[in-house]
2 protein chains.
Amino acid sequence: MNAAQAGESLTRSVEDYLKTIYRLSDGRPAATSEIAQALDLSPASVSGMIKRLTEQRLLDHAPYRGAQLTEEGRRVALRMIRRHRLIESYLVANLGYSWDTVHDEAERLEHAVSDTLVERMAAALGHPTSDPHGDPIPAADGSMIEEDVVPLSELPAGVEFAIRRVGAEDPELLRHLADRGLRPGVTITVVSRQPFNGPITIRLATSEQVIGSEVAHHLLCAATEGSVA
Amino acid sequence: MNAAQAGESLTRSVEDYLKTIYRLSDGRPAATSEIAQALDLSPASVSGMIKRLTEQRLLDHAPYRGAQLTEEGRRVALRMIRRHRLIESYLVANLGYSWDTVHDEAERLEHAVSDTLVERMAAALGHPTSDPHGDPIPAADGSMIEEDVVPLSELPAGVEFAIRRVGAEDPELLRHLADRGLRPGVTITVVSRQPFNGPITIRLATSEQVIGSEVAHHLLCAATEGSVA
DNA sequence: TCCAGAGTTTAGTGTTGCCTAACTCTGTGG
DNA sequence: CCACAGAGTTAGGCAACACTAAACTCTGGA
Ligand SMILES: [Mn+2]
Ligand SMILES: [Mn+2]
Ligand SMILES: [Mn+2]
Ligand SMILES: [Mn+2]
């Protein structure tokens, strides 16, 4: 029997590894060096942990070929992501956090809260389906709907889109965006773009903004109801 | 420079040791075996930790003579107690916890919350001075007012008292008390007591209760405004 | 096809924090 | 006043998790 099934609690490290590997795996296995970079650890440390997690049947691993979550590993990862996003939502809604400061707090709390507390927070929020950054919150059964989104940097001009998610954690960037009214739910239209990954001009409800292409990569958008697909 | 002053974060174990030693020390040093019993660890483990904490200047220790908090150790302990009691208060006030279930949750969260979050919870509660069990909440500067209290088991008959604190963590006992309306703030008068630590009959606002002496030890009372001292 | 460099693993260490077993100290009763 | 029970410490282990250094493997270009 593996650790998770036995009801033993996983460590903070293990939970963060699994969450990170979930994020990095997009079908393919996650590379050791990718994981190391994401968690700010040495590749050697990651190799050691991969070995332990493979023994615990939380990962599948072929040497030199990267690591993939098992079904059980994925279950744990989604549980942590649910916790993280619900905690972020709760702190923003009820305790005065802004979206640029809430991540670090959630990164620690996600390992300390009980299932009971997570579900009470979810209930207090009315069971939200996305967090303050627009990221979808997995359901308690582990199901999650990932909407198709396109980075603002690749949007056609003249068509109305809505910002759905902000794929960034950097507080400075998040404040930069908030200052310009760029948050999930906001409707935008690309007015013009300059070549060679140059700045993009967009129209919002009450203003126009010029945005660098790097920033535009993090603004994930989808067509609005009224627009032509 | 010691760890706490350096701003390094102490581990969960260290924080719980310091909190426990604070609770056990009443002027005198805490015995190794007392600490071991309180934390459910072997005395050998406690000896080892006492040595490390003494090196970190969080404890004073003379071999075979027990351990005492240093000024710095006391500061850490009171900070943890403030966190614990504010978290309990917040969870009861805002997330539907009852006083018999809130302790375990707080025992984990106290190590994971930031100072910012603790102070936001305090503000949301209106800066309470006692927790759901009536225990005083240390101020942010570490000051704490410990009211003089007398166990219900030692109260004179016929004088009105108020329950101020419930010195117990056992959920069953706490539910037992809640079922009988015995919580901090409630006014009671001892009607009669039987000898040889026998049951005590008390009068509440709308009922009379007969209470065993063991339970009565945990109900800590003080004279009410209107009563004769 | 070979091999250099990138990527990965192994080997060896250190810290924290727990354990059991074996010891040493302390204070009290005979 | 001293032996001995019980409290406390030390010794030796182990598991988790991190590191650095060194060895190994894979792969893409010459
Ligand atoms: Mn985390
Ligand atoms: Mn988020
Ligand atoms: Mn604790
Ligand atoms: Mn309490």
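Here is the naming used below: chain letters follow the sequence lines, and residue numbers restart at 1 for every chain.
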| Comparing A:Asp40 and A:Arg65 on DNA chain D - which has the more 5′ nearest nucleotide | A:Asp40

| query | Under 4.0 Å between a side-chain N/O of B:Tyr17 and OP1 or OP2 of C:dC18, yes or no? | reply | yes

| query | Are the aromatic rings of A:His133 and A:His103 close, with centres under 6.0 Å apart? | reply | no

| query | A:Arg12 has an atom CZ; how far is it from atom P of D:dA15, in whole Å? | reply | 25 Å

| said: Could you tell me if the side chain of A:Thr20 sits less than 4.5 Å from the side chain of A:Leu39, heavy atoms only? | reply: yes

| Starting at the 5' end of DNA chain D and moving along, which residue's nearest nucleotide shows up first, A:Val14 or B:Lys51? | B:Lys51

| What is the distance from CD1 of B:Ile50 to P of D:dA7, rounded to the nearest Å? | 15 Å

| query | With sugar-phosphate meaning primed atoms plus P, OP1 and OP2, does B:Ala31 contact a base, only sugar-phosphate, or nothing at under 4.0 Å between heavy atoms? | reply | sugar-phosphate

| Salt-bridge contact A:Arg193-A:Glu154 (side-chain N to carboxylate O under 4.0 Å) | no

| Under a 4.5 Å cut-off applied to non-hydrogen side-chain atoms, are B:Leu59 and B:Gln68 in contact? | no

| task | Give a yes/no answer on whether the side chain of A:His61 brings an N or O atom under 4.0 Å of OP1 or OP2 in C:dT8. | result | no

| query | Just checking B:Ser47: base, sugar-phosphate only, or nothing, at a heavy-atom cut-off of under 4.0 Å? | reply | base

| said: D:dA16, OP1 or OP2 - any side-chain N/O from A:Ser13 closer than 4.0 Å? | reply: no

| message | How many whole angstroms separate atom OH of A:Tyr64 from atom P of C:dG5? | response | 18 Å

| Euclidean distance, atom CD of residue A:Gln56 to atom C1' of D:dA15 [Å, nearest integer] | 11 Å

| Between atom CG in A:Leu59 and atom P in C:dT8, what is the gap in whole Å? | 15 Å

| message | How many whole angstroms separate atom CG of A:Asp16 from atom C1' of D:dA18? | response | 14 Å

| Is it true that B:Arg175 and B:Glu172 make a salt bridge, defined as a side-chain N closer than 4.0 Å to a carboxylate O? | no

| field | Sugar-phosphate, base or nothing in reach of B:Pro43, heavy atoms under 4.0 Å | value | base

| task | Give a yes/no answer on whether the side chain of B:Ser42 brings an N or O atom under 4.0 Å of OP1 or OP2 in C:dC19. | result | yes

| said: Please confirm whether the shortest side-chain N or O distance from A:Ser45 to OP1 or OP2 of D:dC17 is below 4.0 Å. | reply: no

| Separation of atom CD in B:Gln37 from atom P in D:dG8, rounded to whole Å | 11 Å

| task | Calculate the interatomic distance between A:Glu34 atom CD and C:dA6 atom P; express it in whole Å. | result | 17 Å

| Can you check whether B:Thr32 has a side-chain N or O nearer than 4.0 Å to OP1 or OP2 of D:dT9? | yes

| said: If the cut-off is 4.0 Å, is B:Arg52 near the phosphate of C:dT16, judged by side-chain N/O to OP1 or OP2? | reply: no

